[in-house]
2 protein chains.
Amino acid sequence: MIVKLLFLRFIISNWPAMELLMQSLKMGINSELYIKDPESSDLGKKIVEHSISMIDEMGFERFTFKKLGLRIKSNESSIYRYFENKHKLLLYLASWYWGWLEYRMVFATNGISDPREKLKKAIEVLTQNVQEDSSVSHINEVVLNRIIIDEYSKSLLVKEVGKEKKDGYFIVYKRLVGRLGKMVEEVDKDYRYPNSLASTVLEGALYQYFLREHFSTLTDCDENITPTEYFTDLVFSILKKA
Amino acid sequence: MIVKLLFLRFIISNWPAMELLMQSLKMGINSELYIKDPESSDLGKKIVEHSISMIDEMGFERFTFKKLGLRIKSNESSIYRYFENKHKLLLYLASWYWGWLEYRMVFATNGISDPREKLKKAIEVLTQNVQEDSSVSHINEVVLNRIIIDEYSKSLLVKEVGKEKKDGYFIVYKRLVGRLGKMVEEVDKDYRYPNSLASTVLEGALYQYFLREHFSTLTDCDENITPTEYFTDLVFSILKKA
DNA sequence: CAAAAATAATAGCTTTACTATCATATTATG
DNA sequence: CATAATATGATAGTAAAGCTATTATTTTTG
């Protein structure tokens, strides 16, 4: 009884934050990434939910809409009414992921006025690997984080797509890099490469996790040393001391 | 006449170096990456040569052995006698590329005794983009560099392959990161993340070139600022001063 | 309840990623 | 130089991927 009550209170107290999160996430994701908004129906949510777990299990190349249809007992053709193809679906998942990270970062750094503390917190949130499946019911953020580590680079590769479209697909990521770059500038106005540093941290953190998992000799990160520690040290060694 | 003579002298004087390069390159490349050594025949060389240009033109996913066959007026099935599939071919090209860079790096840093100067030179060679089609006749290193920037991450993604095999496919790259890591250690024995820094520099340089080309707002690199400059500054800010 | 919208079932098409077989060059060697 | 070995080419075929189209059946909603 008490448990239930507590649970209820939790839901209620978190409702506005959750709403805000969903708002902010949906706002960010470019509507050209989907044909029909997957958040708008049960089937759509199922598609997103199970595509995440299937890509994690079998890897992006072996994942197909046909297999997904079988898994969720729906029809291949129905899935095509939500996403043009699996590449767009991956872009959608990636946008969702970066939007979610952005939200958490903004939230976590919100009250902090000292630029160094703020940047430190931001790096922490952005380079930590996700441990808890927290906010949105049908999306498992832990698994999503794993597939982003393994598959994100595939989403970038876009010979087929024109500059304008490409820009749209990556607005969320671009905005996130921009924010981080700004925070770097706040700490050291004279540093000449804030955007490069920001993109290096975001991409580099994924890469270090990838290496830790698949090519451990290429990284010093392990159970003890985290990518967060490595990049925090890196960034604050580079920026001039206060 | 004078031009011809000079050219001849150049070839002759470079012959041993060239031989050595070829040796070192072939040595490095894991023989499981090909079925039949492409260096051993005209057809093999053609396959390598034209696969590079075709991947550059159309991107790795659109590139197929059938199309390559058409281009070089050979048969799809003949190509399959050299490479198991296009993914292995990409791994072969990547190994070749890293081996070539490794060779140039070792060569360029050979005489240098000061660890800082040595590391600086290494970073220069490893992060510079390739401007001249220099050493091996049938391989255009400029174009190869371009496809590595765009497609290298695809070669890494290896859900299908077991740990042991994977290690074999990437020996050259691993050795290169190892070498660079060692040079970092030589400069600062107390730095805790030499391998992570080495892998960050190699991967990060490719990424900065990629961004410069496709998402220029995410980087400060442009015609004036090079990834080499950015990473040189980064590395030497991190390592403790002499 | 009827119309509209969403989903499912089925079929079919083109391309990719191969494998297999047999024919024909090319090269090596006795 | 003959011939056996080897490399390459031509052709065919298969399974799966990556779609599109059509029609039938639910489900939603005004």
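Order of the sequence lines fixes the chain letters, A, B, ..., with proteins taken first and strands second; residue numbering starts at 1 for each chain. Quick caveat, the model's predicted, so the values are computed rather than measured. Excluded from the calculations below are hydrogen atoms, water molecules and symmetry mates; all remaining heavy atoms, backbone and side chain alike, are included.
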Below 4.0 angstrom from OP1 or OP2 of [N], is there any side-chain N or O of [X]?
{"X": "B/Lys36", "N": "D/dT8", "result": "yes"}
{"X": "A/Lys66", "N": "D/dA17", "result": "no"}
{"X": "B/Ser41", "N": "D/dT8", "result": "yes"}

Nearest-Å distance, [atom1] ([X]) to [atom2] ([N])?
{"X": "B/Lys73", "N": "D/dA10", "atom1": "NZ", "atom2": "C1'", "value": "17 Å"}
{"X": "A/Leu43", "N": "D/dT26", "atom1": "CG", "atom2": "C1'", "value": "13 Å"}
{"X": "A/Lys86", "N": "D/dG18", "atom1": "NZ", "atom2": "C1'", "value": "9 Å"}
{"X": "B/Ile72", "N": "D/dG9", "atom1": "CD1", "atom2": "C1'", "value": "12 Å"}
{"X": "B/Tyr82", "N": "D/dT8", "atom1": "OH", "atom2": "P", "value": "3 Å"}
{"X": "A/Glu76", "N": "D/dG18", "atom1": "CD", "atom2": "P", "value": "10 Å"}

Between [options], which nucleotide gets closest to the side-chain atoms of [X]?
{"X": "A/Thr64", "options": "D/dG18, D/dT11, D/dA7", "value": "D/dG18"}
{"X": "B/Ser78", "options": "D/dG9, D/dA21, D/dC19", "value": "D/dG9"}
{"X": "B/Asn75", "options": "D/dC19, D/dA17, D/dT11", "value": "D/dT11"}

message: Could you check whether A/Tyr230 and A/Thr219, counting side-chain N and O atoms only, form a donor-acceptor pair closer than 3.5 Å?
response: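 Their side chains do not contain a donor-acceptor pair, so the 3.5 Å distance test is not met.
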
message: Just so I know, are the side chains of B/Met58 and B/Lys67 near enough to count as touching, which here means a heavy-atom distance under 4.5 Å?
response: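 Result yes, sub-4.5 Å side-chain heavy-atom pair found.
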
- prompt: Given A/Glu57, which of A/Arg71, A/Arg62, A/Arg146 fulfils the salt bridge (Lys or Arg N to Asp or Glu O under 4.0 Å) condition?
  reply: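 For A/Glu57, the salt bridge (Lys or Arg N to Asp or Glu O under 4.0 Å) test succeeds with only one of A/Arg71, A/Arg62, A/Arg146, which is A/Arg71.
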
message: Which is more 5' along DNA chain C, the nucleotide nearest B/Glu61 or the one nearest B/Arg81? Just name the residue.
response: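 Going by which nucleotide is closer to the 5' end, it is B/Glu61.
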
- request: Please check if the side chain of B/Lys154 supplies one atom and the backbone of B/His87 the other of a donor-acceptor pair under 3.5 Å.
  value: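 It does not hold such a pair.
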
Using the six-membered ring wherever Trp is involved, compare the ring planes of [X] and [Y] and label them parallel, tilted or perpendicular (cut-offs 30° and 60°).
{"X": "B/Tyr34", "Y": "B/Tyr92", "result": "perpendicular"}
{"X": "A/Tyr152", "Y": "A/Phe170", "result": "perpendicular"}
{"X": "A/Phe215", "Y": "A/Phe210", "result": "tilted"}

task: Classify the nucleic acid contact of B/Lys67 as base, sugar-phosphate or nothing, counting any heavy atom under 4.0 Å across all strands shown.
output: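 Result for B/Lys67 = sugar-phosphate.
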
query: At under 4.0 Å between heavy atoms, what does B/Phe65 touch on the DNA or RNA strands: base, sugar-phosphate, or nothing?
result: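 Nothing, no nucleic acid heavy atom in range.
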
task: Could you list where the contact with chain B starts and ends along DNA chain C, reading 5' to 3', using a 4.0 Å heavy-atom cut-off?
output: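 Contact boundaries, 5' end first: C/dT16 to C/dA20.
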
